[in-house]
Structures are given as structure tokens and as C-alpha cells.
Amino acid sequence: MAQKPSIPKGTRDFSPLEVQRRQYIMNTIKRHFELYGFMPIETPSFENSDTLMGKYGEEGDRLIFKILNSGEYLKKADVNLLETGKENQLTSQISEKALRYDLTVPFARYVVQNQNDITFPFKRFQMQNVWRADRPQKGRFREFTQCDADVVGSDSLLQEVELIQLYDAVFTDLKLNGCTIKINNRKVLAGIAEVMGAEDRLIDFTVALDKLDKIGKEKVQEEMRSKGIDQEAIDVLDPVFSLTGSYADKIASMKELLKDSTIGLQGIEELEFINSFIDNSSLKSAALDLDITLARGLNYYTGCIFEVAAPDGVKMGSIGGGGRYDDLTGIFGLKNVSGVGISFGLDRIYLVIEQLELFPDSVRAGVEVLFINFGATEARYCAGLLSRFRESGIKTELYPDSAKMKKQMSYADRNEIPYVILAGEDEIASGKLNLKNMRTGEQSLLTVQEVIDRLS
RNA sequence: GUGGUCGUAGCUCAGUUGGUUAGAGCGCUGGUUUGUGGUGCCGGAAGUCGCGGGUUCGAAUCCCGUCUUCCACCCCA
């Protein structure tokens, strides 16, 4: 019985057109990565579990795809752990490898492992797939492609400035106007928690605050109360709920709120510095927006954090994100190496560009000319010409079978091949080719060289 | 991980309160007097109605399970 063909949940096949369009986006991103001085690296699809586990928070760990050990993995495992509720320990006994969840953590691992060969500051870019055991939705897949650029070994805020400009340059080049680059700083969030006297509730507090634009002030306060943050602390937070105005206005209000928090003020200073380099007029198509409610779940961020929202009217989660991580390499044993990076979500950018119909027609690049096959003799004659065409850089194809004319013409039409060459008995005798323009229907009898000149 | 939703030919879907050999459009394929595509006309192939159980004389239709899709949480690209 025939097996029903299928692919796993949250994965996709890509058609020729889709691949060409993905490559168009990737080539654009890559070009700008290189212009900004980033060098490519690649890392394995899977890592040792302990490289990945514990870097993304509890939620992230749950979404990491684990790879079952080979061989008699069950015989070596202590099954009793399941009954005593120590499932995590059992998991680590039967699974020692996992698919990478992002590109940042493997990169940190790479940096530490190759530190002797790396000259700092090290700027690398990486465009590879990552996997998350999430429940799929639109724009949300279990296998997707991230395009990351990171710098490690410099704590200069100029890196943040450059990365913002890099975002803008890429989106401008993709004609994706109106993206919003949201920025915040973990130090500011820590400062707010400090001022509230809720340092120990930092995570609960940021998770709740993050939902402000979604569920509103009342609900956010309610959630904070339910997490055990007292009313007095929530009242302190009040100015944050009503922040308005420009980047500079928000900075001014926050400065006042955080006047007693060293770390908070430090965060504000960083944001101020960045804004002094990038007022919105210096960005070509994107807008930089200070969003104090931006939290981001990834545990390793310590300074500035970024998230990119698609243009208004497009319903899509963030199409990019990133931030500064001061001690990610420290986890692997290399201290005092600060890093900062951004990520482009290829799959979501694709969906946004598709929805806005911004893919250039030129992306579709197939065969340029098809030789019609009239039979064995004629085909042999045409076959001799193919390499001449190809050497001239013309994408050329000879129909493989001497099928009916209608079928061959229809093939050219379907594949949007712009020219067809008819070389039958008469043409061969005259030493010329009959070139047909499929768009206009016009036909002309030309020499081989004339045809090549016209097409190349 | 929680709650909901969808699943019928390659694709988009119809299928009345469970009742004979399950339909349409598009696509595919063949023909339309044989060297010309995109629109015409005529014919053809193709579905164990997601999968597995159950109820029934009888199930695409009702029930349970499972997988998949999409959505809201959660989280994120």
C-alpha cells in the first residue's frame, strides 16, 4: 500500500519560486552584512544539550528539540527517575544532543572554543536554520531560518548604533518601508525593579509589563498583583504606563523615575548615547522607537535589546530581534567578553514582503530560450548549438523528447520561457534559426550568431 | 504546554434531518485533419471523504481517540 506523503508539523517544502525569493532576501541581507564588515561562519545543526540548556529561560528549554541517543539508550537509563518525578535527569540520560534553538548561543560556544584563533573584536554573520518545538501558527514554524550578525569583544555602544543602521539599510534595500525598530535596555528594567523594591521579581514584572500594549494598564497591574508585587510598588511604576512623546521625552521622564537607581541611570545613559547618533532623520526607511515595555524573554541579554515590528497593517510577530549580552561567553569559560547582535527572521520577512507584494519580478529567473525538438536528426543539430548559447551566458534548454509541438510550446509558456527556437528541416537547410518571441508572438529568421547577439 | 478550530480528487470547495454506483470548477491527459503556446469545443483518468476504533440494517455525515491545519494564550523570528 502506498504511503501517504507528508512532512512534520511546522516544516515546509519550498518551490523553485519560493527558493528564488528566499535567496533574494538572503542575498540582500548578506550584502549588507558584508558591507558592515561581518564575516561568515557556520556551526552544526545540533549541539551538545548542555551547550543549549539553561540559556533561554525555562520556557526556552522546553522548546528545544532533543535528539534521542543511539543504541540501547534505554538500557543505560535509570527508569526509576520517571517515577520519582525527576524527568529532567532521565531526559539527560537518554538525550545528549539537541537541535540548535538560535544562532547566538552556538556562536558564543564557537568564540570560546576558537578564542586563540580569533582577533577581537570579532564580527561574524551566520544564516542557518534553527528549530523550536513550538506550536505552529502563521509566521511561526518549527524549522526556520535566522540571519544573524554579532560582534563580540567590544562593549562600545557604537556597535549598537551600527546594528540599528544595518537593520535600516537592509529593510530599505528590500523596499520594506515603515518598519519600527523598538529599543529598550535591560538595565532600565532592572532599575525600575530596583526603584519598585521588587528586584527579586524582575522576570515576573518584565513579563507583565511586556503585555502593556496588548492587554492595557489595568490588566498588567492585575497580573503584577497576582505575582505578589505590592500596590505601593505598582504605584511607583505609574509614570511608565503613561510614557508618551519622543524618544528624548521618554528619556527625560525615565531619568526622573530612576534618579535613585545607579543601574537604571546607566541604562538611560546608554539609550541616550545611541539616540545622539541616530535621530530618526538618519534612518532611511525605518523608525527607531524607545519602548520601555519591551522585555524579550531570552535570558542572556544584559544591556540594550531590540525588536523589529513589521510596517503598520501587516499582522506578523517581530521580524527581527537582538541585544547585548555581557556574559554569554562567560558561561563557557571566557570572561569579560561582551557581545551584541541582531537577527533577521527570514521566514517572517518573506511573508511580509509577499503580503505587501514587494518581490521584484526579476527574482523569477528561469530558462531564457528553449529549442523545440523536431526529431532525432534535428535534435542532434540543436544539441550541437546548446553549448555555444550557454558559453554566451544564455540559459538554454532543448526539449528532451520530440513531443507534439503544442506540448512543447505549452511547456515554454508555462515556464515563462521568453524565447523559443524552431530549427526544423527548412531552417537547417538555410543555415538559420527561427527565433520566436513568446510574449509578442513575433518570429524572425536569423543566423546563430544573430540570435546569440540578440539574447545575450 | 493550555483552550478552541479545520481535514472530501493535484488545488479550491459542494455534499440537504445518516440512505443506492460521492459531485463541481480549476488543473492533468488525449483529440480538435498532423511545424506553433496563452482564450474555444469534445472526450478521459483520478477520491478506502486525514488515519484508527465505535454506534447502526446502513456513516463523508453521529461518538471516541489520533495526526494535521489555523487561531487565542505562552513564548518568540
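Computation of the quantities below employed the complete heavy-atom set of this structure, encompassing side-chain atoms and omitting hydrogens, waters and symmetry-equivalent molecules. Numbered from 1 within each chain, the chains take letters A, B, ... in sequence-line order.
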Which residues pass the ring-ring contact (aromatic ring centres under 6.0 Å, His included) test with A:Y350, sequence neighbours left out?
A:F359
Dot-bracket encoding of pairs in RNA chain B, which uses [ ] for pseudoknotted crossings and | for another strand, Watson-Crick or G-U under 3.5 angstrom:
((((..(..((((.....[...)))).(((((.......))))).....(((((..]....))))))..))))....
Side-chain donor-acceptor contact under 3.5 Å, A:T293 with A:D210
no
So, A:R109 and A:T43: side-chain donor and acceptor under 3.5 Å apart, yes or no?
no
Would you say the ring centers of A:F38 and A:F125 fall short of 6.0 Å from each other?
no
Is A:D168 close to A:S285 at the side-chain level, that is, under 4.5 Å between some pair of heavy atoms?
yes
With the criterion set at under 5.5 Å between ring centres and under 30 degrees between planes, would B:rG35 be stacked on A:F374?
no
What does A:V207 touch in the nucleic acid at a heavy-atom separation under 4.0 angstrom: a base, only the sugar-phosphate, or nothing?
sugar-phosphate
Send over the distance from A:E143 CD to B:rC76 C1', rounded to a whole Å.
17 Å
Rounding to a whole Å, what distance do you find between A:E307:CD and B:rC75:C1'?
11 Å
Spell out yes or no: do the side chain of A:R140 and the base of B:rC75 have one donor N/O and one acceptor N/O closer than 3.5 Å?
yes
Report yes or no: does A:R142 contribute a side-chain atom to a donor-acceptor pair with the main-chain N or O of A:P136 at less than 3.5 Å?
no
Pair A:E59 + A:R62, salt bridge at N-O below 4.0 Å
yes
Taking atom P in both B:rC70 and B:rU8, compute the distance separating them and give it to the nearest angstrom.
14 Å
Quick one: which of B:rA72, B:rG35, B:rA77 gets closest to the side chain of A:Q137?
B:rA72
Between A:Y381 and A:E427, is any side-chain donor less than 3.5 angstrom from a side-chain acceptor?
no
Roughly how many Å apart are B:rU61 and B:rC6, using the C1' atom of each and rounding to a whole number?
16 Å
Taking atom CD1 of A:I274 and atom OH of A:Y247, what is their separation to the nearest 0.5 Å?
5.5 Å
Should the pair A:Y301 and A:Y325 be assigned to parallel (<30°), tilted (30 to 60°) or perpendicular (>60°) ring geometry?
tilted
Using atom C1' in both nucleotides, what's the gap between B:rG7 and B:rU68 to the nearest angstrom?
8 Å
Roughly, in whole Å, what's the span from CD1 in A:I342 to P in B:rC76?
18 Å
Take atom C1' in B:rC26 and the same atom in B:rA46, then report the distance between them in whole Å.
14 Å
B:rC41 and B:rG23, which share atom name P, separated by this distance in whole Å
23 Å
Short N/O separations, protein against nucleotides 36-42 of chain B, under 3.5 angstrom:
{"unit_1": "B:rU36", "atom_1": "O2", "unit_2": "A:K436", "atom_2": "NZ", "d": "2.8"}
{"unit_1": "B:rU36", "atom_1": "O2", "unit_2": "A:Q443", "atom_2": "OE1", "d": "3.3"}
{"unit_1": "B:rU36", "atom_1": "N3", "unit_2": "A:Q443", "atom_2": "OE1", "d": "2.6"}
{"unit_1": "B:rU36", "atom_1": "O4", "unit_2": "A:Q443", "atom_2": "NE2", "d": "3.0"}
{"unit_1": "B:rG37", "atom_1": "O2'", "unit_2": "A:D413", "atom_2": "OD2", "d": "3.3"}
{"unit_1": "B:rG37", "atom_1": "N1", "unit_2": "A:M438", "atom_2": "O", "d": "2.5"}
{"unit_1": "B:rG37", "atom_1": "N2", "unit_2": "A:D413", "atom_2": "OD1", "d": "3.0"}
{"unit_1": "B:rG37", "atom_1": "N2", "unit_2": "A:M438", "atom_2": "O", "d": "2.8"}
{"unit_1": "B:rG37", "atom_1": "N3", "unit_2": "A:D413", "atom_2": "OD1", "d": "3.4"}
{"unit_1": "B:rG38", "atom_1": "O4'", "unit_2": "A:D413", "atom_2": "OD2", "d": "3.1"}

Atom CG of A:D210 to atom C1' of B:rC75: distance rounded to whole Å?
10 Å
So A:E425, base contact, sugar-phosphate only, or nothing? Heavy-atom distance under 4.0 Å.
base
Starting at the 5' end of RNA chain B and moving along, which residue's nearest nucleotide shows up first, A:A133 or A:A423?
A:A133
Within the 4.0 Å heavy-atom criterion, would you say A:G375 contacts the bases, only the backbone, or no part of the nucleic acid?
nothing
Determine the Euclidean distance between corresponding C1' atoms of B:rA24 and B:rG18; express it in Å to zero decimal places.
23 Å
What is the distance from CZ of A:F65 to P of B:rC75, rounded to the nearest Å?
19 Å
B:rG47 and B:rC11: how far apart are their P atoms, nearest whole angstrom?
13 Å
Quick one: label A:G60 by what it contacts on the DNA or RNA (base, sugar-phosphate, nothing), any heavy atom closer than 4.0 Å.
nothing
When the nearest nucleotide of RNA chain B is assigned to A:L63 and to A:I7 on a heavy-atom basis, which residue is associated with the more 5' position?
A:I7
Report yes if at least one side-chain N or O of A:K9 is closer than 4.0 Å to OP1 or OP2 of B:rU68; otherwise report no.
yes
A:K138 has an atom NZ; how far is it from atom C1' of B:rC76, in whole Å?
17 Å
A:E42: which residues meet the side chain to side chain donor-acceptor pair (under 3.5 Å) condition with it, sequence neighbours left out?
none
Sugar-phosphate only, base, or nothing, as touched by A:G317 at under 4.0 Å among non-hydrogen atoms
nothing
Touch check for A:F344, heavy atoms < 4.0 angstrom, all strands: base, sugar-phosphate only, or nothing?
nothing
Derivation and outcome, side chain to side chain donor-acceptor pair (under 3.5 Å), residues A:N373 and A:S402
CA-CA 5 Å; A:N373 187 329; A:S402 64; 4.7 Å; no
Take atom CE of A:M316 and atom P of B:rC70, then tell me their distance rounded to the nearest Å.
12 Å
A:D347/A:R12 salt bridge by N-O under 4.0 Å criterion:
yes
Got a sec, which residues hit salt bridge (charged side-chain N to carboxylate O under 4.0 Å, His left out) with A:E378, two or more places apart in sequence or on another chain?
none
Spacing of the P atoms in B:rA22 and B:rA9 (rounded, Å):
14 Å
Set out, line by line, the N/O atom pairs under 3.5 Å between protein and nucleotides 2-12 of chain B.
{"unit_1": "B:rU2", "atom_1": "O4", "unit_2": "A:R135", "atom_2": "NH1", "d": "3.1"}
{"unit_1": "B:rG3", "atom_1": "O6", "unit_2": "A:R135", "atom_2": "NH1", "d": "3.3"}

Rounded to whole angstroms, how far apart are CZ on A:R12 and C1' on B:rC70?
15 Å
